[in-house]
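Here's the structure we're looking at; comments come further down.
For ligands, and for the atoms within them, numbers begin at 1 and follow the listed sequence.
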Amino acid sequence: MIEDPNCLFCKIAAGKIPSEKVYEDDEIYAFKDIHPAAPVHFLLIPKKHIPMLESADATDIPLLGRMMELAPRLANEQGCRLGKDGGFRVMVNNGADGGQEVYHLHMHVMGGSRPWKK
Ligand code: 5GP
Ligand code: ZN
């Protein structure tokens, strides 16, 4: 089922548009960014169509928490080293001033050996 038929990331989460899957469960989908800005660069999204952070409500707190908790595990599986000497970047672009281009909430997870493009 597609949550919002006009949304690119809803179509990706539903498998209607191909992507390089990193992880999937009932509520969450993760896939590689098509234009990676770092050696590891994937996007973590809720399957639920939440356009922006301010679209989320209190019922979404467990879901958003799960996304945050998944980030290190998936980053590590994709090749990032955990711990203070390794690490990765988690980024949410929110709204036009935040640089958001796709209006389906997503967490960028970026890492790997430096230097990166950004
Ligand atoms: P935003 O600026 O909204 O935070 O970032 C959207 C991200 O989605 C960008 O980094 C862009 O490269 C990625 N992206 C846009 N369209 C597609 C697509 O069709 N497939 C994949 N895998 N990534 C996409
Ligand atoms: Zn969507």
Would a 4.5 Å heavy-atom cut-off, applied to side chains only, mark Arg73 and Leu70 as touching? yes
So, does Glu54 use its side chain to make a donor-acceptor pair with the main chain of Asn94 at under 3.5 Å? no
Is there a donor-acceptor pair under 3.5 Å between the side chain of His106 and the backbone N or O of His104? yes
Strictly under 2.8 Å of the Zn ion (ligand 2): which protein N/O/S atoms qualify? Cys7 SG, Cys10 SG, His49 ND1, His104 ND1
How many angstroms lie between NZ in Lys11 and CG in Asn6, if you round to the nearest 0.5 Å? 6.5 Å
Close residues (non-hydrogen atom under 4.0 angstrom from ligand 1) work out to Leu8, Phe9, Ile12, Phe31, Lys32, Asp33, Ile34, His35, Leu43, Asn93, Gly99, Gln100, Glu101, Val102, His106, His108
In a check of salt bridge (charged side-chain N to carboxylate O under 4.0 Å, His left out) between Lys47 and each of Glu27, Glu24, Glu3, which one passes? Glu24
So does Ile28 get a backbone contact from the side chain of Asp25, meaning a donor-acceptor N/O pair under 3.5 Å? yes
If we only count heavy atoms from C-beta on, is the Val109 to Arg89 side-chain gap below 4.5 Å? no
Please find out if less than 6.0 Å separates the ring center of Tyr29 from that of Phe9. no
Please check this pair: side chain of Gln78 against backbone of Val40, looking for a donor-acceptor N/O pair closer than 3.5 Å. no
